[in-house]
Student: 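Before we start, here is the structure in question, set down as structure tokens.
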Amino acid sequence: LQLKGAGPTPYSRTADGRAVLRSSVREFLCSEAMHALGVPTTRALSLVATGEPVMRDMLYDGHPAYEPGAIVCRVAPSFTRFGHFELPAARRDLPLLKRLLEFTIARDFPELRADADPATRHARFFMHVCERTARMVAHFMRVGFVHGVMNTDNMSILGLTIDYGPYGFVDNFDLDWTPNTTDAEHRRYRFGQQAQVAHWNLSCLARALAPVFESVEPLQQGIDAFPALYEREMRAMTAAKLGFATLEHDDEPLVDDLYTLLQNAEVDMTLFFRQLERVELSAGSAPTLAPFDDAFYDQALRTEHSPLLSAWLERYAVRARRDDQAPEQRRARMNAANPRFILRNYLAQEAIDAATQGDESLITTLLAVMRRPYDEQPEHARFAKKRPDWARRKVGCSMLSCSS
């Protein structure tokens with residue numbers, strides 16, 4: 001258990017250790033939403049308003065203001081991060097670094113304790129971290145989640161999503177989108193860059209661990225294996241999103257072309273993939289864009305790209321018919337990979353605005369809806385709609401800061 005916002009700790013340095021309601025609502029709702037989506041994550045046990053004002057400069061623009069305070073109780077098997085190993089390594093405290101490594105293996109990777117040989121135990125530990133990290137980031141891409149601050153202090157050795165700060169879910173598909181205001185210039189943590197950032201962070205962890213490894217070879221093996229581990233996870237998840245039994249090598253142009261079209265035409269990622277199972281696949285009929293009527297953000301772009309999207313759907317239908325699976329099986333596969341509901345940024349902001357005025361009902365409703373993200377839930381259809389125009393540029397809906 002870990003409290004966020006309860007006040008100073010021995011590790012607070014000069015900060016006040018407090019958290020504001022807006023960031024606490026976002027973390028509470030999103031960690032539970034991600035768990036229901038099947039993404040490896042820390043969990044949220046409780047959200048409590050403190051009744052105390054907290055001073056924050058939300059956009060770091062020199063305009064601080066008091067906001068309602070809150071505390072989130074977070075839950076995870078471990079909160080150990082890559083950065084925990086970097087600190088003693090930077091201080092050249094090798095005894096402490098070795099103790100931390102052995103403690104982490106004993107507590108969080110008990111299946112490795114049977115390896116009496118330290119070199120084997122350490123090598124397997126690092127490969128496990130690489131595998132779990134690859135799986136986590138592949139899930140990010142599957143559901144359109146952008147962490148926003150994937151530095152080594154926000155990377156769990158268990159491959160769990162940790163520290164929900166300026167995160168966001170992609171609305172219109174955009175591999176270059178970042179929700180973090182402080183990342184707007186360089187876009188280091190943008191949607192399509194997350195696997196590369198995770199790979200870099202693993203190399204940072206490897207450098208920190210190197211002094212206590214007998215050889216750097218197992219560390220290099222893990223680093224070298226990561227791209228293939230990630231590719232394996234992504235291929236399986238992409239196949240499921242498209243309703244294919246497997247993703248074949250010659251499917252890559254089909255996938256790449258789809259992503260280019262979705263980005264250029266400003267198509268809602270979640271709505272497109274969820275509605276894809278409704279496309280007519282029979283050889284006697286041409287698939288149409290009708291299932292995606294509510295997924296476009298710009299009608300001019302829709303008109304411009306409709307011929308290319310229709311041509312892509314025809315290619316998709318031909319490919320889908322090659323799979324020897326019943327339509328019900330295909331739809332079930334797709335609906336288990338493509339959520340109907342995600343915690344869209346504007347929905348979280350609406351809940352924050354209401355809670356700031358003392359109305360907690362939308363938090364409760366959203367929590368219930370997001371715990372069943374793959375169910376249709378027709379009574380909650382409004383929560384599945386694409387981002388409204390008013391939220392395109394609104395603070396809290398399109399871009400966020402690290403301020404808590």
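Because only heavy atoms are used, hydrogens play no part in the values below, and waters and symmetry mates are left out as well, while side chains stay in. Note that the structure is a prediction, hence the values are computed from the model and not measured.
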Student: Going by the rule side chain to side chain contact (heavy atoms under 4.5 Å, CB included), which residues pair with Gln325 if we only count those two or more places apart in sequence or in a different chain?
Tutor: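 In terms of side chain to side chain contact (heavy atoms under 4.5 Å, CB included), with neighbours along the sequence ignored, Gln325 is linked to Asp323, Gln329, Arg330, Arg333.
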Student: Please check if the side chain of Gln377 supplies one atom and the backbone of Val369 the other of a donor-acceptor pair under 3.5 Å.
Tutor: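 Yes, because the side chain of Gln377 sits within donor-acceptor range (under 3.5 Å) of the backbone of Val369.
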Student: Quick one: do Glu376 and Arg274 make a salt bridge, cutoff under 4.0 Å?
Tutor: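 Counted as a salt bridge, because a side-chain N and a carboxylate O are separated by less than 4.0 Å.
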Student: Is Arg372 close enough and on-axis enough to Phe341, meaning under 6.0 Å and within 45°, for cation-pi?
Tutor: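 No, Arg372 does not lie over the aromatic ring of Phe341.
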Student: Which residue in the set Phe272, Phe273, Phe244 passes ring pair (Phe, Tyr, Trp, His ring centres under 6.0 Å) when paired with Tyr316?
Tutor: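 Between Tyr316 and the candidates, ring pair (Phe, Tyr, Trp, His ring centres under 6.0 Å) is satisfied uniquely by Phe244.
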Student: Return the set of residues passing salt bridge (Lys or Arg N to Asp or Glu O under 4.0 Å) with Arg113 (not counting sequence neighbours), or none when no residue passes.
Tutor: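 Counting only residues at least two positions away or on another chain, Arg113 forms no salt bridge (Lys or Arg N to Asp or Glu O under 4.0 Å).
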Student: Under the rule for ring pair (Phe, Tyr, Trp, His ring centres under 6.0 Å), what residues qualify as partners of Phe169, not counting sequence neighbours?
Tutor: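 If we apply the ring pair (Phe, Tyr, Trp, His ring centres under 6.0 Å) test to Phe169, skipping adjacent residues, the hits are Phe145.
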Student: Closer than 3.5 angstrom, by distance alone: can the side chain of Thr365 be matched with the main-chain N or O of Leu362 as a donor-acceptor pair?
Tutor: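 Such a contact is absent between Thr365 side chain and Leu362 backbone.
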Student: Side chains of Ser285 and Ser282: do they bring a donor and an acceptor to under 3.5 Å?
Tutor: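 There is such a pair between these side chains.
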Student: Any donor-acceptor pair under 3.5 Å linking the side-chain atoms of His139 with those of Arg142?
Tutor: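 Yes, a side-chain donor-acceptor pair sits under 3.5 Å.
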Student: Verify whether the ring centers belonging to Tyr167 and His147 lie closer than 6.0 Å.
Tutor: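 No, they do not, as the ring centres are separated by 6.0 Å or more.
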Student: Would you mind telling me which of Phe103, Phe125, Phe126 makes a ring pair (Phe, Tyr, Trp, His ring centres under 6.0 Å) with Phe109?
Tutor: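 Only match with Phe109 under ring pair (Phe, Tyr, Trp, His ring centres under 6.0 Å): Phe125.
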Student: Check the side chains of Gln349 and Asp353 for a donor-acceptor pair under 3.5 angstrom, ignoring hydrogens and angles.
Tutor: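 Yes, side-chain donor-acceptor contact under 3.5 Å.
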